[in-house]
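Take a look at the structure below.
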Amino acid sequence: MLRSRIAGVGMYLPENVVTNNDLLKYMETSDEWIQERTGIKERRYAHRTKETTTTMAVEAAKVAIGRAGITPQDIDFIIFATLSPDYYFPGCGVLLQRAMKMKQIGALDVRNQCSGFVYALSVGDQFIRSGTYKNILVVGSEKHSLGLDFSTRGRNVTVIFGDGAGAVVLQPTNSSDGSSQEQGILSCHLHSDGNSAEILAQYNPGSHANHWTEEKVADFDDAEIGEMFLSHAMIDNAQLFPNMDGPAVFKIAVEKFPEVILEALAANDLQTSDLKLVIPHQANLRISQFVQKKLRLRDDQVYNNIQRVGNTTAASIPIALCEAWERDIIKEGDLICLAAFGSGFTWASALLRW
Ligand SMILES: CC(C)(COP(=O)(O)OP(=O)(O)OC[C@H]1O[C@@H](n2cnc3c(N)ncnc32)[C@H](O)[C@@H]1OP(=O)(O)O)[C@@H](O)C(=O)NCCC(=O)NCCS
């Protein structure tokens, strides 16, 4: 039975550290408020002009590919998760393929925000299990700093997010009986509920035409045809920034994270006590602590780095995974659960034996 395993993991964080106090230059907030509500002390911002979502992904991918003992030319499929792509289209996958001089392989972009990496991993897992590909690059990368609202108006969202990239290489492992004691991804579990789509969303630019919301979320120029992508009014009325109902996100997140972790364990006949490490999407330290308490996990069973990195959306799980591996916290044979929740809402988990 073919199963996929993570053969190499890499990450990239931009050099520029932005502390909570640094944000005081732009908005009314405080280090105390941010730390108390989110756990975040600092985050990284990419260089404004020299770094992009794709260039950061390339750096993370180089490390992951090197650690897998292969070269970029050996990669036979790219899956790229991001909500902050270099271009509206084409996606970042092809930009990475070009930048890394890869063969003319398939490149797929995934738009599942905070659960983007786990969704991407699940797609890669299926391609490996089916025997289609042997070396798949799965990346999550974000340059949030490109378009956050740095005025006081946007502070509830802006203080949370940071930039960075993480990547893994998936390869087949030949398991003999498919038991949960063998190495590799044991199972992935994906969910969505579009009823909450507008709770955490950036509406514009988009084709929605104010169709889904009672209130207008975009002001368009008067025109007989077209002119709906971007208007001066959209800029003047701050309609090009992300929107979030923080308390509503919190409430559902603390329900769905434990649910999807338990679902993964149950599917493999395993218990929380079998887990070496849960790597939750780094949404908010308070959310992770709530989940830990609910599942009665020890401190050493949950990995958190949001204090130093912020919420890096699709990049957060591979960055945390890479850090945990580099710090020797993850060893061969360990049971790891990756779990994510975010905009959509979408939520997902992947259970793997390292
Ligand atoms: C965003 C979040 C930290 C806000 O905390 P909260 O306690 O729920 O705060 P609220 O949004 O109710 O706002 C409380 C007050 O703090 C203020 N506030 C919001 N952001 C602030 C900031 N950065 N600094 C200072 N004050 C801030 C609000 O304006 C509000 O003031 P008011 O009471 O005078 O109106 C919290 O809701 C949260 O973490 N939610 C989950 C978000 C998340 O994880 N998102 C990522 C999902 S992948």
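FYI, side chains are in, hydrogens and waters are out, and symmetry mates aren't considered; it's all heavy atoms of this structure. Atoms within a ligand are numbered from 1 in the order they appear, just like the ligands themselves. Model, not experiment: these values are computed from the prediction.
Comparing heavy-atom distances from atom 29 (O) of ligand 1 across Arg153, Glu28, Arg155 singles out Arg155 as nearest. Across Pro247, Gly39, Gly342, heavy-atom proximity to atom 10 (P) of ligand 1 is greatest for Pro247.
There is a protein heavy atom less than 4.0 angstrom from atom 41 (C) of ligand 1. Closer than 4.0 Å to atom 7 (O) of ligand 1 lies at least one heavy atom of the protein. Taking a distance limit of 4.0 Å, we find that atom 17 (C) of ligand 1 is approached by some protein heavy atom. Inside a 4.0 Å radius of atom 35 (O) of ligand 1 there is not any protein heavy atom. For atom 32 (P) of ligand 1, no protein non-hydrogen atom is found at a distance below 4.0 Å.
Under 4.0 Å from ligand 1, heavy atoms of Asn156 appear from its side chain as well as its backbone. Contact annotation for Cys114 and ligand 1: only side-chain heavy atoms (C-beta onward) come within less than 4.0 Å of the ligand.
Through side-chain heavy atoms spaced under 4.5 Å, either directly or across other Ile, Leu, Val, Met, Phe, Trp or Tyr residues, Met56 is tied to Tyr12.
Looking only at side-chain heavy atoms (C-beta outward), Leu137 and Met102 come within less than 4.5 Å of each other. Under the 4.5 Å side-chain criterion, counting only non-hydrogen atoms from C-beta, Val169 is in contact with Gln171. Residues Leu240 and Pro205 have side chains in contact (heavy-atom distance under 4.5 Å, counting atoms from C-beta outward).
Within a 6.0 Å radius of CG in Asp269, no more than 12 heavy atoms belonging to other residues, nucleotides or ligands are found. In the displayed structure, Tyr26 atom OH is contacted under 6.0 Å by at most 12 heavy atoms of other residues, nucleotides or ligands.
Below 3.5 Å of separation, one finds no N or O of His281 facing any N or O of ligand 1. At a 3.5 angstrom cut-off on N or O pairs, Leu200 does not count as close to ligand 1. Below 3.5 Å of separation, one finds no N or O of Asn311 facing any N or O of ligand 1. For ligand 1, none of its N or O atoms has an N or O atom of Thr38 under 3.5 Å away.
Although no hydrogens or angles enter the test, the distance criterion places no donor-acceptor pair under 3.5 Å between the side chain of Thr213 and the main chain of Lys216. Checked by atom type and distance alone, the side chain of Arg43 pairs as donor or acceptor with a backbone atom of Val18 at under 3.5 Å. Ser231 places a side-chain N or O within donor-acceptor distance of the main-chain N or O of Met234, the cut-off being under 3.5 Å. A donor-acceptor pair is defined here as one N or O able to donate and one able to accept, closer than 3.5 Å; no such pair exists between the side chain of Ser122 and the backbone of Cys188. Counting only distance, with no hydrogens or angles, the side chain of Thr82 and the backbone of Ser141 share a donor-acceptor pair below 3.5 Å.
Residue-ligand proximity, Val159 to ligand 1, at heavy-atom distances under 4.0 Å covers atoms 23 (N). Below 4.0 Å from some heavy atom of Ile287 lie the following atoms of ligand 1, by number and element: 44 (O). Numbered from 1 in the order shown, with element, the atoms of ligand 1 that lie under 4.0 Å from a heavy atom of Asn284 read 38 (C), 39 (O), 44 (O). Remark: ligand 1 atoms within the under-4.0 Å shell around heavy atoms of Phe341 are 48 (S).
The single protein non-hydrogen atom nearest to atom 20 (N) of ligand 1 is Trp33 CH2, 3.2 Å, given as residue, atom name and distance. The nearest protein atom to atom 37 (O) of ligand 1, hydrogens excluded, is given as Gly246 C, 3.0 Å; this is a heavy-atom distance. Nearest protein neighbour of atom 43 (C) of ligand 1, counting heavy atoms only, is Val249 CG1, 3.9 Å. For atom 9 (O) of ligand 1, the closest non-hydrogen atom on the protein side is Arg37 NH1, 3.6 Å. Of all protein heavy atoms, the one lying nearest to atom 24 (N) of ligand 1 is Thr29 OG1, 2.6 Å.
For Tyr88 and Phe229, the ring centers are positioned less than 6.0 Å apart.
Using modelled atom types, one finds no donor on one side chain facing an acceptor on the other under 3.5 Å when comparing Ser115 with Asn112.
The nearest pair of heavy atoms linking Arg67 to Gly10 is NH1-CA, 4.3 Å.
At least one heavy atom of Met244 sits less than 4.0 Å from an atom of ligand 1.
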